[in-house]
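The figures that follow rest on heavy atoms only: side chains count, while hydrogens, waters and symmetry mates do not. Numbers restart at 1 for each chain; the letters A, B, ... are given by sequence-line order, proteins then strands.
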There are 2 protein chains.
Amino acid sequence: MSKIIPNISVDCVIFGFDFNKLNVLLVERKLEDEKSKETLIDDWTLIGYHIYEEEDTDSAAKRILKKLTGLDHIYLEQFEAFGEVYRINDPKDKLWLKYQSERFSERIVTIGYFSLINSTSVSLSLHERNVKWFPLNDLPELGFDHNKILNKGLERLRDKMRSEPIGFELLPGKFTISQLQRLYEEILGTKFDRRNFRKKVLQMKYVIPLDEKQKGVKHKPAQLFIFSREVYEKTKTERFDFSI
Amino acid sequence: MSKIIPNISVDCVIFGFDFNKLNVLLVERKLEDEKSKETLIDDWTLIGYHIYEEEDTDSAAKRILKKLTGLDHIYLEQFEAFGEVYRINDPKDKLWLKYQSERFSERIVTIGYFSLINSTSVSLSLHERNVKWFPLNDLPELGFDHNKILNKGLERLRDKMRSEPIGFELLPGKFTISQLQRLYEEILGTKFDRRNFRKKVLQMKYVIPLDEKQKGVKHKPAQLFIFSREVYEKTKTERFDFSI
DNA sequence: TTTGCAATGTGTAATATTTACGCATTAAAT
DNA sequence: ATTTAATGCGTAAATATTACACATTGCAAA
């Protein structure tokens, strides 16, 4: 692969949904002094990396996701570039970058991507580093300006959820209407009336009912549905709107 | 000022409204062979520039606007980073960059900003270069990937117009409801019923009627209004929506 | 095997919002 | 004085949203 560009990186806000909470995937950032064994850094960050000279920024984000999940076709969208001069200012952050490479002591503009993955069906690995899902309301201390990046990504996810059917990306292929409702309630921070929500979803021709029911639940099993992007693209004119 | 970063730039899609059409501001790109006087390049581009090492990307965009208009507080918003490896590929574009500086032969990631200005009250100048307003439906040939950038900027303007009251930035401080309507119709590409549009606008507490009427028109002069961002921020909860 | 539990699944009336549309008013130009 | 080309106002019809109650299903516990 070609050379790394030292002052441009991408960072991914990877969202997952466990049928209850919206989670973000973070990677542990640990550094200890080689002699004294003193812990110099111990916190978490978004998953990101510098881009290569012969690599689109989109491709860099895809590369990171692929390395992490082994999967190729993950929902990915750029949401904002972070270009403040002093976005990396904390000595910890500078130390970490220096430890990675002397070349990273320059100024870095990073491009934020958010990604939606169906966390129930994915196994994760990132070399020797520890990656973990964190619910949004219980985040650890984050390095760099990743709190800001994460929140901007979340904001964009919320906005986009209201106008396009991207929520399905967070669910398995087959899902129930209640699962979809919980997802929307969790992300948008609202409550919907169960019956009205169902009515709305049933109107969407691209949410297709299956002749199949939920299994292994201890109550009346719900009908399963699939989302069809193909049908959605054909019937796009209907304004999609999950707002209150 | 500090050194230029050769592989990061900003480009501004500057919109203006002349009470009839939505226009974009472009700068002429002309280059002729010094000996033969042959025209090597003659087209137009968005207004952009590389960023400096000690400059936020936002500040770089502001710097460009200031140089162009002399004004400080212009509506400005980042909309997308363009990070394809081969976004600059045309020999003309490479020639132009080389002519600007040998250092610009590297790969460049550019960050797109869109800006809204009240074109009726601004005088423009950009050193020795020719700048001009073009209506969106009659654009000249654009250099680089600026057609793509322009269209993405426009898309973002449209999206944002539907959810936030940014259209006012394109009008003079005092405006009539019909002017506002024409603006929205032009940008969103829709027609609104005059009476219903008026009703909707009058509900917005942040569109404040003045005891003042239009002058110099050859029909019944309309009442003038001002937009108050302050009132808007206070009453934000009401969902703003100009959709059909 | 019966009963309780915890969900799913359906319908309808009340309310709010959006759309469609008609006519009087005003200032300038003829 | 009359015409012109807009502004300004109100109301009815259509549509969309919200609120709400009860029957159904499959499993688990009694």
For the pair made of [atom1] in [X] and [atom2] in [N], what is the distance, rounded to whole Å?
{"X": "A:Phe197", "N": "D:dC20", "atom1": "CZ", "atom2": "P", "result": "20 Å"}
{"X": "B:Phe225", "N": "D:dT7", "atom1": "CZ", "atom2": "P", "result": "11 Å"}
{"X": "B:Arg194", "N": "C:dG22", "atom1": "CZ", "atom2": "C1'", "result": "11 Å"}
{"X": "B:Lys213", "N": "D:dA5", "atom1": "NZ", "atom2": "P", "result": "20 Å"}
{"X": "A:Gln214", "N": "D:dC27", "atom1": "CD", "atom2": "C1'", "result": "13 Å"}
{"X": "A:Lys191", "N": "D:dT17", "atom1": "NZ", "atom2": "P", "result": "21 Å"}
{"X": "A:Gln223", "N": "D:dG26", "atom1": "CD", "atom2": "C1'", "result": "16 Å"}
{"X": "A:Asn196", "N": "D:dA16", "atom1": "CG", "atom2": "C1'", "result": "11 Å"}

**Request:** Take A:His219 and A:Asp193, find for each the nucleotide of DNA chain D with the closest heavy atom, and name the residue whose nucleotide sits nearer the 5' end.
**Result:** A:Asp193
**Request:** Give a yes or no answer on whether the side chain of A:Gln78 reaches the backbone of A:Ile111 with a donor-acceptor pair at less than 3.5 Å.
**Result:** no
**Message:** I want to verify a distance call: between C:dA20, D:dG26, C:dT10, whose nearest atom is closest to the B:Lys199 side chain?
**Reply:**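 Output: C:dA20.
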**Asked** Is a donor-acceptor pair below 3.5 Å formed from side chain B:Lys218 to base D:dT7, judging by atom type as modelled?
**Response**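 Looking at the base of D:dT7, it does not pair with any donor or acceptor on the side chain of B:Lys218 (distance under 3.5 Å).
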**Request:** Report yes if a donor N or O on one partner sits less than 3.5 Å from an acceptor N or O on the other, where the partners are the side chain of A:Arg195 and the base of C:dG11; otherwise report no.
**Result:**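 Such a pair does not exist between side chain and base.
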**Message:** Please report whether the ring centroid of A:Phe175 lies less than 6.0 Å from that of A:Phe227.
**Reply:** no
**Prompt:** Has B:Arg198 got a side-chain N or O lying under 4.0 Å from the OP1 or OP2 atom of D:dC9?
**Reply:** yes
**Side-chain N,O (A:Ser178) to OP1/OP2 (C:dT8) below 4.0 Å** =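 Looking at the OP1 and OP2 atoms of C:dT8, one of them is under 4.0 Å from a side-chain N or O of A:Ser178.
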**Message:** How close do B:Asn130 and B:Trp44 get, counting heavy atoms only, and between which atoms?
**Reply:**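 Nearest heavy atoms, B:Asn130 then B:Trp44: O-CZ3, 3.6 Å.
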**Request:** Find which nucleotide of DNA chain C each of B:Pro221 and A:Leu202 is nearest to by heavy atoms, and output the residue with the more 5' nucleotide.
**Result:**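 Closer to the 5' end of DNA chain C: A:Leu202.
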**Prompt:** Roughly how far, to the nearest 0.5 Å, is CZ of B:Arg198 from CG of B:Leu180?
**Reply:** 11.5 Å
**Message:** Check this for me, if you would: do A:Arg156 and A:Glu80 make a salt bridge, where the nitrogen-to-carboxylate-oxygen distance has to be below 4.0 angstrom?
**Reply:**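 So A:Arg156 does not pair with A:Glu80 through a salt bridge.
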